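These numbers come from a predicted model, not from an experiment. Note that ligands are numbered from 1 as they come in the structure, with each ligand's atoms numbered from 1 the same way. The basis for the numbers below is simple: all heavy atoms, side chains too, and nothing from hydrogens, waters or symmetry mates. Quick note: residue numbers are just sequence positions, from 1.
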Amino acid sequence: MEPLDRRSFIVTAGAAGAALAAGSPVSGAAQSNGAVFISTWQWGIPANARGAEILGAGGSLMDAVEKGINAIEDDPNVETVGYGGLPNAQGEVELDAGIMNGTTHRAGSVCNLHKIKNPISVARLIMEKTRHTTMAGEGALQFALSMGFEPMQLLTPKSLEAWLKWKNDPNHKTFWIDKDHHDTIGMLGTDGKGHVVAGCSTSGLAWKIPGRVADSPLVGCGYYADDSAGAASATGNGDVMTNYCTSAFIVGRMAEGAHPQDACDQAMRFMAKTAPDVTGGEYCVIALSPAGETGAASMNAAQPLQYAVWRGGRATPLQTAPAYRR
Ligand code: GLY
């Protein structure tokens with residue numbers, strides 16, 4: 001997947017800005033009545049397109065969000081999700097994902113999954129085939145294998161080379177100190193009939209300490225969905241955002257009547273109020289109401305969030321107006 005030029009993303013500020021962009025028609029995309037998808041980063045565009053295609057072909061909204069995220073997990077060029085995701089400090093790719101059904105209020109999530117390139121599909125099966133919500137590590141792998149997933153090497157030549165370069169650098173930083181390299185795919189959808197689904201998938205921070213779990217696979221942190229209020233997802237520094245239950249925070253504000261944009265802005269402001277140093281970090285969120293209103297916010301100008309909205313057969317690349325100047 002080719003990176004998109006930053007300038008091709010329309011900067012949004014506030015609810016009006018988020019609603020304004022009309023977008024470009026997507027050739028061949030099904031125009032499902034009232035359906036809306038919103039996804040993080042530049043790969044949100046192909047994720048949304050795949051989701052719309054699935055929904056337009058008669059799939060469920062859950063199918064659409066799962067398959068939309070699968071498209072990014074399968075892409076070896078996305079270094080922070082699925083196959084080709086950068087590994088942990090020991091050179092092992094550890095994947096995290098979660099998905100939530102806003103009607104049933106049920107979620108499934110998988111943490112530290114090795115050797116399986118589609119953790120969002122494993123998370124969905126945990127939700128649908130078991131009474132559990134979250135599975136991790138070796139048990140999660142055994143569950144995936146029992147469900148028929150094929151184990152594979154998730155390192156690509158490119159990600160192996162990147163890990164070796166880091167490993168062989170005598171001055172390399174570790175997470176006993178710091179390092180930033182994380183972008184998830186967060187995807188939210190509504191079917192236009194009041195149903196919402198939220199999903200999130202990541203390989204987490206490059207070179208993370210093995211066993212590290214951050215916000216993405218944790219329900220309420222990386223993703224949350226409730227048909228009575230809306231859906232939200234988070235991307236960025238998950239070690240910090242986990243402490244804020246960001247997605248549940250946003251959906252909670254929407255349950256009280258906030259527009260998705262206001263709810264996202266409130267999340268950024270609350271984080272900055274309680275931990276002022278976060279205004280220099282990468283913290284980004286997206287939100288969607290059951291009626292299809294969207295919102296997105298990011299903490300600072302150095303790291304705006306590129307995201308994508310699909311509505312009525314039109315795909316719009318957008319970029320947040322950050323909350324803080326740094
Ligand atoms: N938000 C993704 C991560 O920190 O792993």
### Query
Tell me, which pairs form a ring pair (Phe, Tyr, Trp, His ring centres under 6.0 Å) where one or both residues lie in residues 121-157, sequence neighbours left out?
none
#### Entry: H105: ring-ring contact (aromatic ring centres under 6.0 Å, His included) partners, not counting sequence neighbours
Y224
### Task
Show your reasoning for whether ring-ring contact (aromatic ring centres under 6.0 Å, His included) applies to Y244 and F249.
CA-CA 7 Å; Y244 288 87; F249 178 104; 8.2 Å; no
### Numbered atoms and elements of ligand 1 in range of T184, under 4.0 angstrom, heavy atoms
1 (N), 2 (C)
### Distance-only N or O hit between ligand 1 and G238, under 3.5 Å
yes
### Message
Taking I54 as the starting point, is it possible to reach L188 by hopping between hydrophobic residues whose side chains are less than 4.5 Å apart?
### Response
no
### Test of proximity, D215 against ligand 1: N or O pairs below 3.5 Å
yes
### Task
Say whether G236, considering both its backbone and side-chain N or O atoms, lies within less than 3.5 Å of an N or O atom on ligand 1.
yes
#### Entry: Region of E94 that comes within reach of ligand 1 [heavy atoms, distance under 4.0 Å]
neither
### Message
Quick check: is L86 connected to Y83 through a chain of hydrophobic side chains (ILVMFWY, heavy atoms under 4.5 Å apart)?
### Response
yes
## Note on the structure
Per-atom filter on ligand 1: closer than 4.0 angstrom to a heavy atom of S216 are 1 (N), 2 (C)
### Query
So is T202 polar-close to ligand 1, meaning N/O to N/O under 3.5 Å?
no
### Query
Between the side chains of E73 and N118, is a donor N or O closer than 3.5 angstrom to an acceptor N or O?
yes
### Shortest heavy-atom approach to atom 4 (O) of ligand 1 - which of E282, K208, R212, M241
R212
